[in-house]
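Below, chains carry the letters A, B, ... as their sequence lines are ordered, and counting in each starts from 1. Bear in mind the structure is a predicted one, so any value in this text is a computation, not a measurement.
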Amino acid sequence: MPELPEVETIRRQLDPKVAGRKISAVEIGLPRLIKYPDVESFCRLLEGQTILQLERRGKYLLFRLADGRMLVIHLRMTGRLYYQSIDEPRDKFTHIVFKLDNGFELRYADIRTLGTLELVTESELPRLKGLHGMGPEPLTEAFDLIYFSELMSKRKGKVKALLLDQRWIGGLGNIYVDESLALAGIHPERLANSLNADEVSRLYEAINRVIKEGIEHGGTSFRDYVDGEGKAGQHQQHLRVYGRKKQPCRICGTTIERHEVAGRGTYYCPHCQK
DNA sequence: CTTGGTTCCTGCGTGC
DNA sequence: TGCACGCAGGAACCAA
């Protein structure tokens, strides 16, 4: 389940490999993954294009192209991107292939096929609602304590639901939300506007820290995630609560619990998180 | 405006 | 051992 740290890890690995490369051909094995424009235009507009650089916004990967267009890929749950030689056998779940001009291919593989690929011009960007309406990301200037405090104070819903909502904060998913709340010592079902100034500050610092750690560890491989080189991340070894149901809290030894919160499997320490 | 439920999708873990 | 079942969850969409 790629979140900001996983997608950033992929971006860092793939950018030096694809930047400056020309897409010589596109192969579509599963047309419904192409959400915009139609499949024929998608292929025609991409063929012959040069990739300038690979960027990221939240959980989106953005391939900036020479004609000003952007190839926008969201991996959702199980999407993977591989940069491999044409001689290497393709993963059985490979659905889209971008053939490059150097004997290598950029391969999009996806087990659950929930990922999306779109090709847009600059002026068509607002069409991509999730990308266009995304809030500031952790570790950026726009995501400062003032923004976060005001956000928390004016929202009545559960703090976990708020942290998951990409319109307010871009890039957090289920794993890093649970980890942030654990590090801050805040119960996931607390209402956002019930947090006092100290708790808001702790949560703000925790979000930035877990995202930073996640990137430094090359992402979390809980189930399906692998990086741009097909390797697992290392952050799963550092998880505080996520996926640790019935295991002891690393701080106090209390058994980690799992409940559904905001429609998501949610892990927390009932002793440390109030 | 908000929030909660449904849908998409398939490999895999669980239990009988 | 084999099989049925339900879970995993990001985001669009709809209803209340």
Peer 1: Any side-chain hydrogen bond (donor to acceptor under 3.5 Å, both in side chains) involving residues 179-193 of chain A? Give me the pairs, sequence neighbours left out, ordered by first then second residue.
Peer 2: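 Applying side-chain hydrogen bond (donor to acceptor under 3.5 Å, both in side chains) to every pair that reaches into residues 179-193 of chain A, excluding sequence neighbours, yields A:Lys158-A:Glu189, A:Arg190-A:Ser194, A:Arg190-A:Glu199.
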
Peer 1: Taking 4.0 angstrom as the limit, do A:Glu8 and A:Arg11 come out as a salt bridge?
Peer 2: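 Salt bridge flag = yes for A:Arg11 with A:Glu8.
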
Peer 1: Taking N or O atoms only and anything under 3.5 Å, show me the protein contacts with nucleotides 3-7 of chain B, one pair per line.
Peer 2:
residue : atom : partner  : partner atom : Å
B:dT3   : OP1  : A:Gly157 : N            : 3.2
B:dT3   : OP2  : A:Arg155 : NH2          : 2.6

Peer 1: Using whole Å, report how far CG of A:Leu30 lies from P of B:dC8.
Peer 2: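 About 15 Å, once rounded to whole Å.
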
Peer 1: Quick one: side chain to side chain contact (heavy atoms under 4.5 Å, CB included) partners of A:Ser24, sequence neighbours excluded?
Peer 2: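 Only A:Lys99 meet the side chain to side chain contact (heavy atoms under 4.5 Å, CB included) criterion with A:Ser24.
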
Peer 1: Show which side-chain atoms of residues 124-141 of chain A pair as donor or acceptor with protein atoms under 3.5 Å away, not counting sequence neighbours.
Peer 2:
residue  : atom : partner  : partner atom : Å
A:Glu124 : OE1  : A:Thr121 : N            : 2.9
A:Glu124 : OE1  : A:Thr121 : OG1          : 3.3
A:Glu124 : OE2  : A:Tyr36  : OH           : 2.8
A:Glu137 : OE1  : A:Arg56  : NH1          : 3.1
A:Glu137 : OE1  : A:Arg56  : NH2          : 3.1
A:Glu137 : OE2  : A:Arg57  : NH1          : 3.1
A:Glu137 : OE2  : A:Gly58  : N            : 2.7
A:Thr140 : OG1  : A:Glu137 : O            : 2.6

Peer 1: Testing the basics here: between A:Leu203 and A:Ala184, what is the closest heavy-atom pair and its distance to 0.1 Å?
Peer 2: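 Distance-wise, the nearest heavy atoms are CA-CB, 3.6 Å.
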
Peer 1: For nucleotides 9-16 of chain C, give me one character per nucleotide, 5' to 3': B if any protein heavy atom sits under 4.0 Å from the base, S if the only such contacts are to the sugar-phosphate, - if neither.
Peer 2: BBBS----

Peer 1: Kindly write out the residues that satisfy side chain to side chain contact (heavy atoms under 4.5 Å, CB included) with A:Leu14, not counting sequence neighbours, or none if the list is empty.
Peer 2: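 So A:Leu14 forms a side chain to side chain contact (heavy atoms under 4.5 Å, CB included) with A:Ile10, A:Leu54, A:Leu81, A:Tyr83, A:Leu106.
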
Peer 1: Less than 3.5 Å apart, any donor N or O on the side chain of A:Lys160 or A:Asn174 sitting next to an acceptor on the other?
Peer 2: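 Looking only at side-chain atoms, A:Asn174 and A:Lys160 do form a donor-acceptor pair, the distance falling under 3.5 Å.
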
Peer 1: Without swapping roles, check the side chain of A:Glu6 against the backbone of A:Thr220 for a donor-acceptor pair under 3.5 Å.
Peer 2: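 Confirmed, A:Glu6 side chain pairs with A:Thr220 backbone.
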
Peer 1: Atom CG of A:Leu162 to atom P of B:dC1: distance rounded to whole Å?
Peer 2: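 Nearest whole value for this atom pair: 16 Å.
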
